[in-house]
Structures are given as C-alpha cells and as structure tokens.
Amino acid sequence: MRNAELADAFAELGDLYELDGAIVHRVLAYRNAAKAIREAPVSVAELARRGRAQELPGVGKTIAEKIVALLDTGSIPSAEKLKRKFPATLVELTRIPGLGPKRARKLYDDLGIGTLEELRHAAESGTLSDVPGFGPKAAENVLAALAAGADGRPRRRILLSKALTVAEDLAEALREHPAADRVEVAGSARRGTETVKDLDLVATAHDARALSDAFAGLSAVSDVGSSGEAGARALTHNGLSVDLKIVPPRNFGNLLQHFSGSKRHNEALRADAVRRGLHVSEYGVTDDSTGTTHSCTTEAEVYELLGMAYIEPELREDRGELRAAAEGRLPELLRLEDLRGDLHCHTTASDGRNSIEQMARGAQRRGYSYVAITDHSASHGFGNHVSPDDLRRQIERVREVDAGLEGITVLAGTEVNVLPDGSPDYDDDLLAELDWVIASVHTSFRMSEREMTDRMVRAIEHPLIDAIGHPTGRLIERREPYAVNLERVVAAAAEARTFLEINGNPDRRDLSEIHARMAAEAGATIVIDSDAHGVETQANVRYGVITARRAWLTAAHVANTREWPELLELRGRGADGSRP
DNA sequence: GCCGTTTTCGGCCCGACTGTTTTCAGTCG
C-alpha cells in the first residue's frame, strides 16, 4: 500500500473523529500523522512491517498499530465503527462554507441529512430552518454554494507557476497605486509549495481604504467579498480566491510572518514562544512578564525576539527549521544566481520550438557559462525521433554553434530513453561522442516496483549516463510517481556518482522537495534543469531552485553551481568516459 | 493521540468574523 493511500485513510479517520465530536487535539493528531505519512520519503508500509512506523513524527503507538491493522485487513476498525454511526459522506457537507463538523453532525442527528443531495432538499423545502442554529441565511448559503458547483470534493488546487503569475501581477498593480506603501505576496505561493489553494497579499498603505478599494477595482478581480480598512477578499476571473491584508507599517513584519505560514510552522513557533512566556500574533509579540507588545517592521525581528535566526519562507513547514534556527544551524540555501549552466533542454530536432543557437543565446542571456542541448532519443514515443544518424548531425551542428558563440560553452547531449531492461536506446559508441547524457524513463511506467528499481539502478550504473532525468515520473496533481524504491535509487546514484535531476518544469518538480532532501542527505548529487522546450521556458529553472530550497539544499549539493570543468570532476566518469 | 533541555501527565496557537443570538459557539484562515 502506498503512502498516499495510507495517508488518505488516516486523514479520513481524523475527519470521522471530528464529526464524532472528539477533542480537536485528537483530530489534529490523526491529521499530523496523515501528513507525516504522506511526506515520508520511504515506504511507510514497509516501515510499519518492520515495526518502525513510530520513527515518523506524530506517529505513536496507537497509530502505528492502526497502520498495521490497515495493511493486514484493508481497513481500520475504529473507522469502520464510526462509519456505522453516521455515513462517511457527511464529510462532504463540511466542504460547504459555513458548515463545519459540528453543524454537519447536527444536521444528520436532527434531520438524517447525510449527503449533499439531501442537504439541497432540506434547504429548498425549508426544513433546514427547523434545526436550532440554522436560520434563513443558512439555507441561502447552502443553495448558493451548491449553485456555485460545490460537489463535496476539496477545492481544486492550482499549480504554483500559475498562482505566482497571478499573485505577482496583482502585487505589482497594487504597488503602482499612490496609496500603497509596501505590498508583498505571502502565503503558500511565497513559500513555493507545489500547488496553491488561494493567494495572500499583505500591504501597508498611507490610505488603507483607498488601497482596498483599488484592489476591488483591479481588472483581474471579478467578485469582491468584503472590503475595508483591514483589507479585502476577492475572487479572480480564473476562480482564485485572494486575501489582501493591510496593517500599519510598524506591524508589517508581524503580518508578513503570520500570513506566510505555514499554519504548522506558525503553530509550532507559537507553542515554542509560549514556553518562553511570549505570545505571537499578526499584531506583535507580547511578553507575559512585562505585558508589553513588540511591533516588528521586518520578519527578521520577529524571529530575533524568539531567539532564532531568520528562516527563509521555503523552510517554514515545521520540518525541523525552528530547532535549526534556534541552534544557528540553518543551511545557506541555494539561490537562482548560483546556477552556472542548464543541462537539459530541447530544440526543434525533437519536440522543442527553437534552434540550437536560439537556446544557446537564451542560456547566455540568463548568465550561464554553459548549456547542454539534450533532445529526446529515438524511442520516447512523442515528438520527432532523433535517429542515431540525426544525432551525429546534431552533434556537428552543436559544435558549429559552440565555435560561433563567445562566452558560453554549448555542449552536445541527449535525453536518452531508458528501455525497460535499463539500457539506453542509443549505442554506447554514440553516447561516448556526447559531452553530457541525461537518461529518463518515458515508457513502460507500469512495471512492478522491483522491476522499475532494477531498471533505474542499471541506468544509474551505466558508465556513460551522467544524470537521471525527472526520476519519479510524477506530474503534479495529474500522475502519481511510478512505483520505485527511491532509497535504492538514491544509494545507487551516490555510489556511482550519477546525478539526480530536479526537473524545473512546474508540472514536474521531480525530484520533489521530500525526495531531493533525502537524496542529498544520502550523499547523492543533484542537478537542476529547466527541461525547456523553448527559450521562454528556460526560466522554469526557477521552480527547480524553489524545490531545492524547500529541500534544504545548498549550492554545494548541486552539480551545476560549478563551472563545467569542475562539474566534470564530480560526475562518475573521466573525460575518456571511464569510471574513476 | 502525541510528546517532553521546565513534564511519562497535562498540556497541546491566535484572532476575526458570522449568524443567530440575548452572550457566543462554530467556522475560518
């Protein structure tokens, strides 16, 4: 059973306990455990089989036993028991704004409402208002939500790249307003999570009301919920909910820190602060002993008051950053400008849109000193096939472009397909003519974990393969990673000194932040690439860097922070193609 | 239910808003 399935089961159990009226801390315990299981870099099923599930943060004796029960019998007894008390579909009611677990449960107990359809009938017929606490507004609210397309599923999350574009445009438009002082993107978009549910903007202003009104009038905004001195909430035309919060300049640091989250980071931060007699909120840091509240114009002041070094937004996920900040051992995170080259991009030879020269000049404009041209090989199943003879001609053209360009080294490479048996689909003598070989799995995804792992390890151990492209094959929100034992893959990569890619395509970000952190800790070297299919997507490397930062990576962990000659010394083969 | 450089038991973040109320619980971020 996969981590995602296990995590879903415990998240559901948390929901069920909440509907059953359990104390919030118990509910939270199940949700914390679900998150830990979801984010575990290793198979939790295997971990649990070996009796080691309690190594996960938030998993204790009880939940560890329930994991084993779920693996043995396919269900958790306590969850089955709760489902006999009320229908599991009751959770769908809580996805209606204004309906939480308490009120949903009341509807079931009083009217027997267990599905959205039954809720609709009750709202339409007026029986809903028979329930104490449900007035005319409640029925109106239910019908409006259903009409707006509420279907009981959690609201769809959108990809970071789309969210950031909208957020940055909105922030820029607000900054141009005369009443604006400071405007910043906060929330999960600032932290760089893979997907985003809604946007948070924070601001200071000379005239808060005027800025709030200006926000409501922006062309990207379709509906305005509320608007006033403290800010506004609105919906963009593409359905993204945006919160603008405005405070006086002296509180900007408190506000930005608070609304950058994550929720879990802030909760842990505050719990830690309470132990020192301090209370943290978006309005300041209050000292119990003196009763004074400190306003912070910057986030750094907030962390300093708590005895911590400044924590970069990408690290604020309650994954050990608070302790590291208190002990002064936070990593110096990789920056975009640390990258010296891009080692994965495509041209019109396969499925790209630009020529070798255009891609090379694009790389040069980004300040790189080298770029590898890595078109698809002959059997990947989409775009143009690059036959061995095509590749030989492509190498010649790369050499010509390289000779004609000053200040950037253009490298001849390929993104060679890894066949089901783990071998590349070009012959070794052809691969040996290339400067750089990245190998990726593009076909036969549905192998068993054992077969897929063997396949990848064989590719990693191939002396002419320099890096593994998008190592898990996942597409965010669209396709799960293929079944593969990443512990073995990472160990093999560290041993063979074959690099593992963080692919910067915002749909991929593969390795993920979780896997990249695990890989780096295991001693594997990372390479961050754009996988650009045109000049304009060379900038996608940004998402690779954000992923790396969220994985706690420094420049030292990443091969292409080196100049090309130094990078050659890192990889697992000599200039003659041999293993060192 | 989890967890411990104040604890193996007693804690476990903070504030705003809303609708339905006669003083606030539930919801939300």
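Values reported hereafter were calculated over all heavy atoms of this structure, with side chains retained and with hydrogens, waters and symmetry mates removed. Bear in mind the structure is a predicted one, so any value in this text is a computation, not a measurement. Chain letters run A, B, ... following the sequence lines, proteins first and then strands; every chain starts at 1.
Contacts of residues 275-289 of chain A with DNA chain B (heavy atom under 4.0 Å): A:Arg275, A:His279, A:Val280, A:Ser281, A:Tyr283. Against DNA chain B, the stretch residues 107-119 of chain A makes no heavy-atom approach under 4.0 Å.
Backbone-only contact: A:Arg323 has heavy atoms under 4.0 Å from sugar-phosphate atoms and none from a base. Residue-level contact check: A:Ile23 touches the bases, meaning some heavy atom is under 4.0 Å from a base atom.
For the P atoms, the distance from B:dT21 to B:dT27 is 15 Å, rounded to whole Å. Only the C1' atoms considered, B:dT6 is 15 Å distant from B:dC12, to the nearest whole Å. Taking the C1' atom of each, B:dC13 and B:dC28 are spaced 14 Å apart, rounded to whole Å. If you take atom C1' in B:dC2 and the same atom in B:dT8, they sit 12 Å apart, rounded to whole Å. Between B:dA16 and B:dG11, the distance separating the two C1' atoms is 25 Å to the nearest Å.
Between B:dA25 and A:Arg103, no contact under 4.0 Å exists linking OP1 or OP2 to a side-chain N or O. OP1 or OP2 of B:dG1 lies within a sub-4.0 Å distance of a side-chain N or O belonging to A:Arg26.
A salt bridge is defined here as a Lys NZ or Arg NE, NH1 or NH2 lying under 4.0 Å from an Asp or Glu carboxylate O, and A:Asp200 with A:Arg190 fails to meet this definition. Salt bridge status for A:Glu117 with A:Arg120: present, with a side-chain N to carboxylate O gap under 4.0 Å. Between A:Lys137 and A:Glu140 there is a salt bridge, since a side-chain N of the basic residue sits under 4.0 Å from a carboxylate O of the acidic one. A salt bridge does not link A:Asp318 with A:Lys263: every distance from a Lys NZ or Arg NE/NH1/NH2 to an Asp or Glu carboxylate oxygen is 4.0 Å or more. The residues A:Asp507 and A:Arg478 are annotated as salt-bridged, a charged nitrogen and a carboxylate oxygen being separated by less than 4.0 angstrom.
In this model, no donor atom of one side chain and acceptor atom of the other lie less than 3.5 Å apart for A:His265 and A:Glu317. Side-chain contact, A:Lys35 with A:Tyr30: no donor N or O sits under 3.5 Å from an acceptor N or O. In this structure, a donor-acceptor pair under 3.5 Å is present between the side chains of A:His279 and A:Asp288.
Nearest to the side-chain atoms of A:Ala138 among the listed nucleotides B:dT20, B:dC2, B:dC13 stands B:dT20.
Across all strands shown, nothing is found opposite B:dT8 as a Watson-Crick or G-U wobble partner with both distances under 3.5 Å.
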